[in-house]
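To start, the structure under review is shown below, and the notes come after it.
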Amino acid sequence: MNRPVLLVIAHGSRDPRHAATVQALVRRAGALRPGLRVETAFLDFNLPTVPGVLDRLAADGVREVVALPLLLTRAFHAKADIPAALRQAPPSLGIRQAEVLGPSPLLVAAVERRLYEAGLAPGDKSATGVVLASAGSTDPEAIAVIAETARELRRTGWCSVRPAFASAALPRTEDVVRVLRAEPGVRRVAVAPYVIAPGRLPDRIAAGAAEADVLAGVLGPSPELAALLVERYDDARAARRPAARTA
């Protein structure tokens, strides 16, 4: 039996680094599952669009699609924008919307990978405060997930971990850097961007990290993130979620 196509849906950005990073991540995920057809689409700013890819898949004779939001939390884009785009699909396509990426232990592992790549070592954990800096959201569910992810990261042994937001919510990265400086036991402060790809808000996070000792890279095409895409695809297939168009 043919496997459903995996359609990864990213937000999109005017920053060309965003689409390039998304495509690198999707290629890495596809390499983990040889023979699986993997496509990428964007909600805004970049091509191809979600309806455009769905039309092409239908024209190719595809019958089943797993649509995977390339999002770390379940906020407005996952709850409204993506379902609306999927409802424009040709009627011949059966579509299941996979869960967003977070929360997941794989994301915590990806954050740690980026911190180590930025120059820290496991032995530095007990004296390092970490700012887990996300893009931000007005959705309480998304804010709660970021806070829980910060707690999970703290449980791996870092001296302190606090969330920060580049937009839509407080506190800002630079404010949390200063708070951590004053915490007992913190001898260095690291900023870990909890974002997938470069762009305007990640640049704002980087600017807010000016007084930190370490700035990690975005999650990007990390092995953990690639594995998580495949995991969410498998979960959606196993759940036999109803088609997104049936609202």
Side-chain angles (χ1 to χ4, degrees), residues 6-15 17-19 21-23 25-26 39-54 65-89 93 95-104 106-107 110-111 132-152 163-173 192-205 208 218-220 225 228-229 231-233 235-236 239 241-247:
L6 170 57
L7 172 60
V8 179
I9 302 176
H11 181 274
S13 171
R14 292 186 178 90
D15 189 321
R17 297 173 298 169
H18 175 90
T21 301
V22 168
Q23 296 289 6
L25 171 60
V26 172
E39 299 281 349
T40 308
F42 298 89
L43 289 173
D44 206 354
F45 302 117
N46 302 106
L47 295 174
T49 65
V50 177
V53 174
L54 294 173
V65 175
V66 170
L68 172 58
L70 195 64
L71 302 168
L72 298 175
T73 60
R74 190 173 176 272
F76 184 79
H77 294 305
K79 294 176 180 178
D81 287 347
I82 289 177
L86 295 178
R87 283 194 290 270
Q88 301 178 51
L93 284 178
I95 301 176
R96 282 165 275 166
Q97 182 175 329
E99 295 293 343
V100 297
L101 301 180
S104 169
L106 286 169
L107 289 171
V111 170
L132 187 70
S134 74
S137 174
T138 58
D139 189 304
E141 180 183 350
I143 297 298
V145 168
I146 297 298
E148 177 57 29
T149 301
R151 289 191 289 270
E152 289 298 323
F165 306 94
S167 69
L170 295 173
R172 295 285 183 259
T173 301
Y194 193 61
V195 293
I196 293 173
R200 178 176 58 87
L201 294 179
D203 284 349
R204 189 178 296 175
I205 290 170
V218 300
L219 300 178
L225 207 56
L228 184 54
L229 264 62
E231 181 178 296
R232 290 290 183 259
Y233 170 81
D235 290 345
R241 296 167 61 85
R245 73 177 81 254
T246 59

**OP:** Please step through side chain to side chain contact (heavy atoms under 4.5 Å, CB included) for the pair Leu54 and Leu93, ending with a clear verdict.
**Re:** CA-CA 8 Å; Leu54 294 173; Leu93 284 178; 4.0 Å; yes
Does any non-hydrogen side-chain atom of [Y] lie less than 4.5 Å from one of [X]?
X: Ile196; Y: Leu25; answer: yes
X: Glu152; Y: Pro103; answer: no
X: Leu72; Y: Leu219; answer: yes
X: Arg232; Y: Ser104; answer: yes
X: Leu132; Y: Val111; answer: yes
X: Pro51; Y: Gln88; answer: yes
X: Leu7; Y: Ile95; answer: no

**OP:** With side chain to side chain contact (heavy atoms under 4.5 Å, CB included) as the test, would you mind laying out the steps for Glu39 and Val65 before giving the verdict?
**Re:** CA-CA 10 Å; Glu39 299 281 349; Val65 175; over 6 Å; no
Subject >> Stepwise side chain to side chain contact (heavy atoms under 4.5 Å, CB included) test for Leu70 and Leu229 >> reply: CA-CA 8 Å; Leu70 195 64; Leu229 264 62; 3.9 Å; yes
Considering non-hydrogen atoms only, spot the tightest contact between [X] and [Y] and give its length.
X: Pro202; Y: Val195; value: CG-CG2, 3.8 Å
X: Ala98; Y: Leu68; value: CB-CD1, 3.8 Å
X: Gln23; Y: Thr40; value: OE1-OG1, 3.4 Å
X: Asn46; Y: Gly12; value: OD1-CA, 3.1 Å
X: Ala19; Y: Phe42; value: CB-CZ, 4.0 Å
X: Pro163; Y: Ala150; value: CD-CB, 4.0 Å

Just how far is it from atom [atom1] of [X] to atom [atom2] of [Y], taken to the nearest 0.5 Å?
X: Asp139; Y: Phe76; atom1: CG; atom2: CZ; value: 10.5 Å
X: Glu231; Y: Leu225; atom1: CD; atom2: CG; value: 11.5 Å
X: Leu201; Y: Phe165; atom1: CG; atom2: CZ; value: 12.5 Å
X: Ile9; Y: Ile82; atom1: CD1; atom2: CD1; value: 5.0 Å
X: Ile143; Y: Thr138; atom1: CD1; atom2: OG1; value: 8.0 Å
X: Ile205; Y: Thr173; atom1: CD1; atom2: OG1; value: 5.0 Å

Original post:
Which word best sums up how the rings of His77 and His11 line up, parallel for under 30°, tilted for 30 to 60°, or perpendicular for over 60°?
Top reply: perpendicular
Original post:
What residues form a side chain to side chain contact (heavy atoms under 4.5 Å, CB included) with Arg17, not counting sequence neighbours?
Top reply: Asp15, Pro198, Asp203
Would the distance check show the side chain of [X] and the main-chain N or O of [Y] forming a donor-acceptor pair, the cut-off being under 3.5 Å?
X: Gln97; Y: Ala78; answer: yes
X: Ser137; Y: Ala169; answer: no
X: Arg172; Y: Ala164; answer: no

Original post:
Mind checking what makes ring pair (Phe, Tyr, Trp, His ring centres under 6.0 Å) contact with His18, not counting sequence neighbours?
Top reply: none
